Protein chains: 2
Amino acid sequence: MAAGDDNIACATLVTGALKISSIDAEGQEQILSVIHPAGFVGEMFAPIAHHNVIALTDSRLCLFTRSDYESAVARFPALAAALLRRSSEELLEARTLLDLKGRRSAKAKVAGLLSAFAKSASTSSCHSADSFMLPLSRSDMASVLGLTIETVSRQLTGLEKSGLIRREGARGIIIRNAPGLDDLTNG
Amino acid sequence: MAAGDDNIACATLVTGALKISSIDAEGQEQILSVIHPAGFVGEMFAPIAHHNVIALTDSRLCLFTRSDYESAVARFPALAAALLRRSSEELLEARTLLDLKGRRSAKAKVAGLLSAFAKSASTSSCHSADSFMLPLSRSDMASVLGLTIETVSRQLTGLEKSGLIRREGARGIIIRNAPGLDDLTNG
DNA sequence: CGTTTCGTTGAGTAGAATCAAGCCAAGTGG
DNA sequence: CCACTTGGCTTGATTCTACTCAACGAAACG
């Protein structure tokens, strides 16, 4: 989906990963959200799309049109409640990202992003994973945080040198000191 | 409402204005959203509140508890659909803010915020107002954009010197060159 | 009249962006 | 098999923006 398109379809993500982004006049991409399975994309109430939706990996979607939606809600009132719940979760996630992006230093932003990934990489909802693969490239991480890829790279090596994380290849992350990461995030 | 509270109530705003914010370990406030009349606050599906809600002006709210919500949805299925619509709008607004906060330069951020205010100050949904009162203090603007009050102040005087806007007192803004502002926002 | 709050302005500095190489792994083609 | 390319990542040197610290002006208030 591209910004400016007639907005005819919405979808829930079945497998894979998507990003929602906007692109400014100079071609700078801003990632506004990363969608995981069971997440929802599309603007149900806008005539044209505001943002771009791009697959990060091969993905499977369950598409439906807005007219589908309206008839389905009429037949199954519980559907609206379920979608409301999803939408509330997306909203909370967007605000979490806002919070992250507002951190003062680059180190705090990168540390916060790692903590967030550790949480979402865990199967349990209350614990964080202590090792995981970064779902985003350096370029995408930079775009999420509003930094450059060089700065992201430097912060990662900095975090490794200070012993808070260890890296396995370009994408593998092992958290060695989770509380320390959180301290950096909030400071 | 304060982050960490038991999350027992939600509300729609009738008159006034609210801000949703988070506060980090150093006491730095991040404004995550500004709520206007007809807007919704509260996290319907979280046991404890993640963020703070603070009134920007004297405000009137229509409060309801989460159990109220559940019985109301059971009796009036259309309610869920209406709340879904609101929630979608909040989500779009949060993403617009994300976009703004991700702009590279301070000038682009301030210019973008002014454009956004000009839009929401207009009574018509398709035109922007050409003069309006800033709804936020310098401190709140800085917090929304992730800047300091000094930087916001300097950017405003810069925009005035370059002829894009004129100021009337501390809060009054007159847009003299709206396309120019948009160019700055996307550049 | 002092005090407080809010906004503006200036000087100096820390930190991220920019510019520029260079490394490594994977792919391509002779 | 080897030269070459490509894309993603890292590192270094330099520049410049926005933060910090500090002073000052204006309006509101007791």
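Order of the sequence lines sets the chain letters (A, B, ...), proteins ahead of strands, with each chain counted from 1. Bear in mind that the values here come from a model prediction, so they are computed numbers and not experimental data.
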[X] [atom1] to [Y] [atom2] distance, which is reported to the nearest 0.5 Å:
X	Y	atom1	atom2	value
B:S33	B:K19	OG	NZ	12.5 Å
B:L181	B:L113	CG	CG	11.0 Å
A:N52	A:S22	CG	OG	7.5 Å
B:L184	B:K109	CG	NZ	14.5 Å

By side-chain hydrogen bond (donor to acceptor under 3.5 Å, both in side chains), which residues pair with [X], not counting sequence neighbours?
X	result
A:N186	none
B:R66	none
B:S153	none

Expected output is a numbered-order residue list: members of [range] with a heavy atom under 4.0 Å from any atom of DNA chain C. What is it?
range	result
residues 133-145 of chain A	none
residues 148-156 of chain B	B:E150, B:S153, B:R154
residues 158-176 of chain B	B:R167, B:A170, B:R171
residues 101-110 of chain A	A:S105, A:A106

> Are any non-hydrogen side-chain atoms of B:T151 and B:L145 less than 4.5 angstrom apart?
Replying inline: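 Counting from C-beta outward, B:T151 and B:L145 never come under 4.5 Å.
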For residues 69-81 of chain A, dump all side-chain donor-acceptor pairs below 3.5 Å to protein atoms at least two apart in sequence or in another chain.
| residue | atom | partner | partner atom | Å |
| --- | --- | --- | --- | --- |
| A:S71 | OG | A:S67 | O | 3.4 |
| A:S71 | OG | A:D68 | O | 3.0 |

>> Check for me, please, whether B:L91 and B:L84 land in the same ILVMFWY cluster - side-chain distances under 4.5 Å, paths through other members count.
In response: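 No, because B:L91 and B:L84 fall into different hydrophobic clusters, even though each may have its own neighbours under 4.5 Å.
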>> Which residue in the set A:R95, A:K101, A:R103 passes side chain to side chain donor-acceptor pair (under 3.5 Å) when paired with A:D99?
In response: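 The residue from A:R95, A:K101, A:R103 that satisfies side chain to side chain donor-acceptor pair (under 3.5 Å) with A:D99 turns out to be A:R103.
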>> Show me the pairs that pass side-chain hydrogen bond (donor to acceptor under 3.5 Å, both in side chains) and involve residues 171-185 of chain A, at least two apart or across chains.
In response: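 For residues 171-185 of chain A, and leaving out neighbouring residues, the side-chain hydrogen bond (donor to acceptor under 3.5 Å, both in side chains) pairs sorted by first residue read A:S115-A:D182.
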Taking only distance into account, with no hydrogens and no angle test, what donor-acceptor pairs under 3.5 Å do side-chain atoms of residues 55-63 of chain B form with protein atoms, sequence neighbours excluded?
| residue | atom | partner | partner atom | Å |
| --- | --- | --- | --- | --- |
| B:T57 | OG1 | B:A17 | N | 3.4 |
| B:S59 | OG | B:A17 | N | 3.2 |
| B:S59 | OG | B:A17 | O | 3.4 |
| B:S59 | OG | B:T57 | O | 2.9 |

> If we fit an axis to the first five pairs and another to the last five of the helix from C:dC1-D:dG30 to C:dG30-D:dC1, what angle do they make, to the nearest 10°?
Replying inline: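 Computed from the C1' atoms at both ends, the axes differ by 30°.
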> For B:V152, which of B:L147, B:D140, B:L136, B:T157 qualifies under side-chain contact (heavy atoms from CB on, under 4.5 Å)?
Replying inline: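 Of B:L147, B:D140, B:L136, B:T157, side-chain contact (heavy atoms from CB on, under 4.5 Å) with B:V152 is met by B:L147 alone.
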> Got a sec, which residues hit side-chain contact (heavy atoms from CB on, under 4.5 Å) with A:A46, two or more places apart in sequence or on another chain?
Replying inline: A:N7, A:E43, A:H50
